[in-house]
Visitor: 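Quick one: this structure, given as structure tokens, is what I'll be asking you about.
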Amino acid sequence: METFPKIISVDDHTVEPPNVWQDRLPSKYQDKGPRIVRAPLKEMTFLGGKFAPVMGSPGDEGPIGDWWVYEDLHRPLTRLDTAVGYDRDEIKLEIITYEQMRPGSYDVPQRLADMDVNHVQSALCFPTFPRFCGQTFTEAQDRELGLLSVRAYNDWMVEEWCGPAAGGRLIPLTLIPLWDAELAAREVRRNADRGVRAVAFSEIPPHLGLPSVHTDEWDPLLAACAETGTVIAMHIGSSSRMPSTSADAPPAVGSTITFANCCFSMVDWLMSGKFERFPDLKVMYAEGQIGWIPYILERADVVWEENRGWGGVADKVHRPPSELFTEHVYGCFFDDAFGLRNLDAIGVGNVLYETDYPHSDSTWPESRQVGEAQMGHLDADVVDRIVRRNAIELLGLTGDGLWAAAERKAVE
């Protein structure tokens with residue numbers, strides 16, 4: 001291509017600096033809230049889609065790394081959290097320290113520099129320690145501390161990560177207290193008042209012990225999102241369970257079928273009736289790729305047409321699921337040549353681009369080259385919609401692709 005649009009990535013990641021919660025929680029929670037401890041690794045496995053690290057005690061043998069400690073949870077920083085800049089064959093499941101990761105993982109100026117290298121203008125970032133929808137705080141025991149931790153993360157995200165130093169190039173994605181839909185709705189509105197237009201949610205809430213989208217339990221949250229124009233962003237793994245086939249399946253199995261949870265989740269939403277109850281609601285699937293979507297839409301339409309009488313949806317889904325998809329759902333990809341060859345069956349307006357920085361799957365620093373290679377058969381206007389304009393419209397960005405609230409904050 002003669003020119004390739006500056007990328008707006010809807011799925012990158014931030015590795016939270018050590019002080020995010022220590023600077024924002026009340027003093028009584030300093031020894032219980034999230035904090036970094038440097039300690040040895042006793043053992044660590046990742047089989048059957050389950051990540052199982054064990055922290056050693058001071059003086060134990062084993063590699064030294066930085067651990068997030070929160071209540072009884074010990075979660076290490078790993079090379080998979082921040083793998084960019086390393087040869088693919090050198091990326092292993094190993095514990096690391098902040099000094100061993102690329103500074104752009106947690107430092108705003110360094111992140112902007114790495115975005116420049118990768119032809120990226122703006123980026124929306126999912127969390128690391130809270131996990132992809134904040135389920136770390138949902139699984140904890142102390143609900144008061146959990147709520148304070150969610151709000152502390154959101155304040156850091158809006159005021160620092162996406163603050164003045166970012167110049168509108170970092171787009172905020174906030175968390176909610178998943179254990180209480182009313183509290184979640186209030187947090188959505190609190191952040192919407194300061195310009196936030198995206199909130200993280202679980203792809204399959206029952207995997208977290210939470211109600212499904214087929215119940216009415218989430219309605220306060222959905223109403224708040226619909227009324228404020230806040231998109232519900234669901235990342236693969238946001239149900240604390242990556243797809244796999246057996247307890248001893250190597251990570252390569254799950255990595256190949258990571259889209260499966262997105263597939264299950266999308267069918268849930270299409271058959272839930274929520275898009276008809278909340279006609280302004282929008283959802284997006286981060287890192288799920290798009291090549292699987294055409295068949296699922298075809299099958300969902302057949303089931304709706306032929307089996308809705310006994311399928312439990314006749315009274316709540318009154319239109320073909322493919323029509324609901326077109327109006328409400330966005331698929332996100334970073335490397336999916338097959339999906340792009342079948343774009344007509346998905347919809348040009350339902351596709352968003354991402355780079356997955358700094359994860360091991362990331363196309364950094366060659367996201368432009370990957371995009372050019374895979375989108376070379378598409379018209380320039382279509383490429384611009386995928387790489388930029390769809391995200392601008394969905395996330396309420398300025399015409400230049402920047403977070404609009406950043407300009408208002410700079411003036412204030």
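Just the heavy atoms: all of them, side chains too, but no hydrogens, waters or symmetry mates, feed the values below. Remember, it's a predicted structure, so these values are computed and weren't measured experimentally.
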Visitor: Looking only at side-chain N and O atoms, does D11 offer a donor or acceptor that is under 3.5 Å from a partner on H13?
Guide: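 Yes, D11 and H13 have a side-chain donor paired with an acceptor closer than 3.5 Å.
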Visitor: Does a side-chain N-to-carboxylate-O contact under 4.0 Å join R151 and E187?
Guide: yes
Visitor: Do NZ/NE/NH1/NH2 and the carboxylate oxygens of R38 and E99 come within less than 4.0 Å?
Guide: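 A salt bridge links R38 with E99.
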Visitor: Does the side chain of T82 pick up a donor-acceptor pair with the side chain of S105 at under 3.5 Å?
Guide: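 Yes, because at least one side-chain N or O of T82 sits under 3.5 Å from a partner of the opposite role on S105.
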Visitor: Using only atom types and a distance under 3.5 Å, with no angle test, would you say the side chain of R389 pairs donor to acceptor with the backbone of V387?
Guide: no
Visitor: Keeping the roles fixed (side chain from S9, backbone from T355), state whether a donor-acceptor pair exists under 3.5 Å.
Guide: yes
Visitor: Report the distance from atom CD1 of I171 to atom CG of L124, rounding to the nearest 0.5 Å.
Guide: 5.5 Å
Visitor: Are D384 and K6 within salt-bridge range, i.e. N to O under 4.0 Å?
Guide: no
Visitor: Please determine if R277 and D219 form a salt bridge, counting it only when a charged side-chain N lies under 4.0 Å from a carboxylate O.
Guide: yes
Visitor: Can a side-chain donor-acceptor contact be found between Q374 and D336 if the only test is distance below 3.5 angstrom?
Guide: no
Visitor: Can you list the residues that meet the side chain to side chain contact (heavy atoms under 4.5 Å, CB included) rule with E71, with sequence neighbours excluded?
Guide: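 Only K32, A140, Q141, D142, L145 meet the side chain to side chain contact (heavy atoms under 4.5 Å, CB included) criterion with E71.
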Visitor: May I ask you to check whether H328 and F278 place their ring centers less than 6.0 Å from one another?
Guide: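 No, too far apart.
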Visitor: Does the side chain of M271 come within less than 4.5 Å of V213's, by heavy atoms?
Guide: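 Counting from C-beta outward, V213 and M271 never come under 4.5 Å.
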Visitor: Please answer whether the main-chain N or O of D89 pairs with a side-chain N or O of K92 as donor and acceptor at a distance below 3.5 Å.
Guide: yes
Visitor: For F334, enumerate each residue passing the ring-ring contact (aromatic ring centres under 6.0 Å, His included) test, keeping only those at least two apart in sequence or located in another chain.
Guide: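 By the ring-ring contact (aromatic ring centres under 6.0 Å, His included) rule, F334 matches no residue at all.
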Visitor: As an exercise, state the distance from CD1 of I8 to CD1 of I386, rounded to the nearest 0.5 Å.
Guide: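 Nearest 0.5 Å value for the CD1-CD1 distance: 13.5 Å.
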Visitor: Using only heavy-atom distances, determine whether the side chains of D356 and T363 contain a donor-acceptor pair under 3.5 Å.
Guide: no
Visitor: Does the pair D379 and R385 meet the rule for a salt bridge (charged side-chain N to carboxylate O under 4.0 Å, His left out), with working shown?
Guide: CA-CA 10 Å; D379 291 341; R385 289 190 65 182; over 6 Å; no
Visitor: Applying side chain to side chain donor-acceptor pair (under 3.5 Å), run through D81 and H359 and close with a yes or a no.
Guide: CA-CA 6 Å; D81 293 328; H359 284 182; 5.1 Å; no
Visitor: Distance-only criterion, 3.5 Å: show the donor-acceptor pairs between side-chain atoms of residues 251-267 and protein atoms not counting sequence neighbours.
Guide:
residue : atom : partner : partner atom : Å
T256    : OG1  : A252    : O            : 2.8
N261    : ND2  : E203    : OE2          : 3.0
N261    : ND2  : R241    : O            : 2.7
S265    : OG   : E203    : O            : 2.8
S265    : OG   : Y285    : OH           : 2.8

Visitor: Looking at side-chain heavy atoms only, is the closest gap between D23 and W156 below 4.5 Å?
Guide: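 Side-chain contact under 4.5 Å: no.
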Visitor: For W304, what residues pass the ring-ring contact (aromatic ring centres under 6.0 Å, His included) criterion, not counting sequence neighbours?
Guide: none
Visitor: If you apply the rule side-chain contact (heavy atoms from CB on, under 4.5 Å), what do you find for R75 with W67, and how did you get there?
Guide: CA-CA 5 Å; R75 199 278 191 193; W67 295 72; 5.8 Å; no
Visitor: So does R186 pair up with E182, basic N to acidic O under 4.0 Å?
Guide: no
Visitor: Check side chain to side chain contact (heavy atoms under 4.5 Å, CB included) between T136 and all other residues, then give those that pass, not counting sequence neighbours.
Guide: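 With sequence neighbours excluded, T136 shows a side chain to side chain contact (heavy atoms under 4.5 Å, CB included) to Y70, L73, F129, R131, given in chain and number order.
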Visitor: Would you say that T97 contacts L77 through its side chain, given a criterion of any heavy-atom pair below 4.5 Å between the two side chains?
Guide: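 The answer is no; the side chains never approach within 4.5 Å.
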Visitor: So, does W218 use its side chain to make a donor-acceptor pair with the main chain of H214 at under 3.5 Å?
Guide: no
Visitor: Please confirm whether the backbone N or O of S238 pairs with a side-chain atom of S202, one donor and one acceptor, at under 3.5 Å?
Guide: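 Answer holds: yes.
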Visitor: Salt bridge check, E327 against K282: does any charged N sit closer than 4.0 Å to a carboxylate O?
Guide: no
Visitor: Between D301 and R319, is there a side-chain N and carboxylate O pair less than 4.0 Å apart?
Guide: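 R319 and D301: not salt-bridged.
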Visitor: So, does E16 use its side chain to make a donor-acceptor pair with the main chain of Y106 at under 3.5 Å?
Guide: no
Visitor: Tell me every residue that passes side chain to side chain contact (heavy atoms under 4.5 Å, CB included) with D114, counting only those two or more places apart in sequence or in another chain.
Guide: R102, Y357, W364
